[in-house]
Amino acid sequence: MKLRYAWLTAVMVGITVAATTGCGGSEPESPAMPTLPDGAIMLTQNQPNRFEGLVVVASAIDASGADISGSDGTSVAEGHWVDVDGTVEIQDRTLRLVATWVDPDPGEGDGADMSKAWVVVEE
Amino acid sequence: MDRHTSHAVVGKRQERERGASTVEYVGIIIAVAVLIGALLVVFPSVGDSLADGAKTAVCKITGGDCSSGSGSNQAESSENNGTQPGQYANASNGGQQTTDPAFVSQAVKDLRDALAGGLFGVRSGDLEDARQVIEALGGAEIDALIAQMSDDELRQWVDQLNDSWLFGGWNASERRQLWELFASRASKDTIDRLARFTDELQPSFNQVGGDSARDDPTSPANTGQYGELPHSLFTNGASPDDVSQGAIGDCWWIASMMAVAQANPQVIQDAITINPNGTYTVRLYDQNGNPVQVTVTPDMVLNPDGTPAFVDNNGQQVSGNYELWPMVLEKALALHYGEFADIEGGNASVGLSALTGLPSSNTDPGVLSAQDLRSVLDGGGAIGLSSLADGTHNPLYADTVPSAQRLRTGHAYYVSDVDVAAGTVTVVNPWGTAQYPPLTLTYDEFVSAFRQVRTNEVTK
């Protein structure tokens with residue numbers, strides 16, 4: 001009988017722990033979203049975004065930088081890897097990469113990675 | 001025991017029995033009240049239905065106006081008197097711009113009767129009665145009917161459709177059939193008004209980009225607005241060059257559309273029907289290969305500068321006139337899935353099947369020879385691709401490769417050509433051929449550079 005109570009207690013404790021911490025372990029901790037300067041434009045990984053007459057896309061985003069490319073939408077894209085706080089020239093416009101955020105749970109599907117890069121178009 | 005005594009005893013017994021009956025009745029009433037109370041707590045919508053049923057019953061007995069919110073109905077009706085309902089740019093009258101007031105009045109009465117439900121609320125059968133009322137009407141009659149319904153009535157109808165109560169509510173597929181009637185027949189004003197109460201007529205986009213985009217003021221999820229582009233549905237048919245991905249993670253769908261447009265443009269053209277009210281009905285296929293009809297309005301999610309926020313025309317629009325078919329198909333898929341955020345992340349096998357109704361075959365790249373790939377294309381098929389998740393060790397993904405020719409990880413592509421003699425495979429990035437021209441790889445490079453090859457018949 002004591003063994004039965006011990007099992008029961010263990011099960012109850014297990015359920016309580018699972019309920020309070022989440023089954024399957026804790027969620028991956030999301031990196032903090034960066035503080036952004038005014039005018040920063042958000043780019044989501046592999047999603048071409050249109051702004052100020054440009055079509056710009058960020059890919060291979062990580063904590064240190066991102067691959068930024070684009071054009072005016074009708075000519076061949078240009079661009080390259082940029083470290084955070086670095087710049088890239090697209091159609092004679094200077095884009096500064098001001099921050100990145102890496103999706104901690106990007107999923108498996110094509111286009112599912114929601115990592116972000118923020119750029120500012122410099123005057 | 002004398003007769004008096006006997007009477008007295010019987011009388012007392014009857015009093016006791018009366019007393020017992022009263023106690024029992026009170027007990028039953030309390031039990032029923034508790035039961036109803038519990039039901040109302042668990043299923044609040046039942047309370048609305050019961051209240052509506054009671055109100056309708058009382059109103060019928062007293063001979064009053066049995067429509068709920070009738071005051072606002074009259075106000076809205078008078079507002080709409082003499083006004084021409086708004087239309088989409090390409091709408092034609094379709095011979096439906098006349099109404100029979102008596103017919104519409106009867107339809108309004110029938111609809112309200114159906115939506116009043118019975119003692120146990122509005123059941124699935126009542127909703128079907130309501131749908132049949134709508135089905136019997138032409139576009140202008142639907143407009144006139146909806147103009148007579150108050151916002152409260154429309155909101156309540158949507159709530160009833162979404163009700164999860166055991167015998168109430170409809171599933172998404174059933175609701176779609178109802179919304180299809182409105183979307184394919186009603187005016188822009190009517191559709192816009194109904195869309196205030198449901199996302200099942202205009203797919204929402206405020207979750208695009210994930211949680212991390214929600215608070216960003218520059219995210220299309222926050223800056224986007226529905227608006228109508230100057231457009232034709234097709235200009236010289238459908239072509240992969242009409243398409244370029246926008247700010248949404250549906251590369252897999254864009255690549256699928258481009259691959260099918262290359263394999264057989266007629267499949268794309270046949271998938272879209274123009275309705276007299278200016279909306280488009282798209283034939284997609286569900287995961288079992290069954291056709292599903294999804295009707296979308298021609299207004300699309302636009303950036304603040306009026307350009308499309310999501311799929312675009314690869315810079316090919318002529319004199320500012322957009323070729324709308326890629327936008328129509330993307331919006332239809334979003335509506336079919338629920339909302340735009342639901343189409344972020346996927347693979348081309350799902351997209352190709354949704355467009356063709358035919359199953360897709362997924363293989364590792366090395367399984368199919370160059371000749372096999374060529375045979376798929378020669379047979380009128382389409383080939384979608386998934387790029388590597390990590391391109392660190394593949395030179396085709398390296399930063400030393402010019403940007404327009406570099407492969408991107410976690411991305412969908414499609415195969416546009418295979419030259420068996422030269423041993424090359426040409427792949428296309430769905431960001432658009434104007435900026436990212438087709439890229440010709442050796443067969444070995446191709447095998448090393450992709451994770452999955454997805455082949456699909458386009459027509460049997």
Side-chain angles (χ1 to χ4, degrees), chain A residues 30-34 36 38-62 65 67-82 88 90-91 101-116 118-120, chain B residues 208-213 215-220 244-255 303-305 307-310 312 314-316 343-348 350 384-387 389 391 397 399-400 402-406 408-413 431-432 434-437 451-452:
Chain A
S30 178
M33 298 296 281
L36 302 167
D38 289 344
I41 294 161
M42 187 192 75
L43 303 171
T44 302
Q45 168 116 328
N46 289 349
Q47 298 183 12
N49 199 350
R50 296 168 188 82
F51 56 89
E52 300 199 16
L54 301 174
V55 182
V56 180
V57 58
S59 48
I61 298 170
D62 70 19
D67 179 348
I68 307 291
S69 66
S71 79
D72 60 2
T74 60
S75 52
V76 174
E78 51 192 340
H80 51 78
W81 172 268
V82 187
V88 58
I90 294 177
Q91 295 282 308
W101 176 86
V102 179
D103 187 346
D105 186 18
E108 293 185 356
D110 298 331
D113 189 330
M114 296 294 146
S115 294
K116 309 288 188 227
W118 285 269
V119 295
V120 170
Chain B
V208 168
D211 293 345
S212 51
D215 297 329
D216 191 295
T218 66
S219 162
S244 53
Q245 186 189 344
I248 181 170
D250 64 350
C251 52
W252 60 278
W253 176 247
I254 306 299
N303 292 313
D305 64 0
T307 58
F310 302 144
D312 201 347
N314 190 33
Q316 305 293 311
I343 66 173
E344 293 196 291
N347 65 68
V350 175
L385 303 166
S386 291
S387 67
Y397 291 79
D399 190 39
T400 51
S403 185
Q405 297 165 26
R406 197 179 313 140
R408 266 67 176 192
T409 55
H411 195 38
Y413 290 75
W431 294 346
Q435 294 185 83
Y436 301 88
R451 187 165 47 89
Q452 281 277 291

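So you know, we letter chains A, B, ... as the sequences are listed, proteins then strands, and number each from 1. Predicted model only: the values in this text are computed from it and were never measured.
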May I ask you to name which of [options] has the most heavy-atom pairs under 4.5 Å with chain B?
options	value
A/Gly107, A/Ala112, A/Ser75	A/Ser75
A/Gly109, A/Ala40, A/Gly39	A/Gly109
A/Gly111, A/Ala60, A/Pro48	A/Pro48
A/Val76, A/Asn49, A/Val55	A/Val76
A/Asp72, A/Val57, A/Ile68, A/Asp113	A/Val57
A/Glu78, A/Glu108, A/Gln45, A/Met42	A/Met42

Residue selection (most heavy-atom pairs with chain A, distance under 4.5 Å) from [options]:
options	value
B/His411, B/Gln316, B/Arg451, B/Gln405	B/His411
B/Gly345, B/Pro437, B/Ala348	B/Gly345
B/Ala255, B/Gly432, B/Gly410, B/Gly210	B/Gly410
B/Ile248, B/Asp215, B/Thr307	B/Ile248

Go through the atoms of [X] and report whether side chain, backbone, both or neither lie under 4.5 Å from a heavy atom of chain A.
X	answer
B/Pro402	neither
B/Asn303	side chain
B/Leu385	backbone
B/Tyr397	neither
B/Pro308	backbone
B/Ser244	both
B/Ala309	backbone
B/Asp312	both

Search all heavy atoms of [X] against all heavy atoms of [Y] and return the closest pair with its distance.
X	Y	result
B/Gln435	A/Gly70	OE1-C, 3.8 Å
A/Arg50	B/Gln245	NH2-O, 3.8 Å
B/Trp252	A/Asp110	CD1-O, 3.6 Å
B/Arg406	A/His80	NH2-CA, 4.1 Å
A/Ala77	B/Ala404	O-CB, 3.7 Å
A/Gly79	B/Ser403	O-CB, 3.5 Å

Practice prompt. With rounding to the nearest 0.5 Å, note down the distance linking OG in B/Ser219 to CD1 in A/Ile41.
Written response: 12.5 Å

Practice prompt. Supply the atom-to-atom distance B/Glu344 CD to A/Gln47 CD, rounded to the nearest 0.5 angstrom.
Written response: 5.0 Å

Worksheet item: Going through the checks in order, is the side chain to side chain contact (heavy atoms under 4.5 Å, CB included) test met by A/Leu36 and B/Asp216?
Response: CA-CA 10 Å; A/Leu36 302 167; B/Asp216 191 295; 3.9 Å; yes

Worksheet item: Taking B/Asp399 for the side chain and A/Trp81 for the main chain, is one N or O donor matched with an acceptor at less than 3.5 Å?
Response: yes

Worksheet item: Got a donor-acceptor contact below 3.5 angstrom from the B/Trp431 side chain to the A/Asn46 backbone?
Response: yes

Discussion item. Any heavy-atom pair between the side chains of B/Arg408 and A/Asp67 that's under 4.5 Å?
Written reply: yes

Worksheet item: Is B/Ser212 close to A/Asp103 at the side-chain level, that is, under 4.5 Å between some pair of heavy atoms?
Response: no

Worksheet item: Can you list the steps and then say if A/Phe51 with B/Thr218 is a side chain to side chain contact (heavy atoms under 4.5 Å, CB included)?
Response: CA-CA 10 Å; A/Phe51 56 89; B/Thr218 66; over 6 Å; no

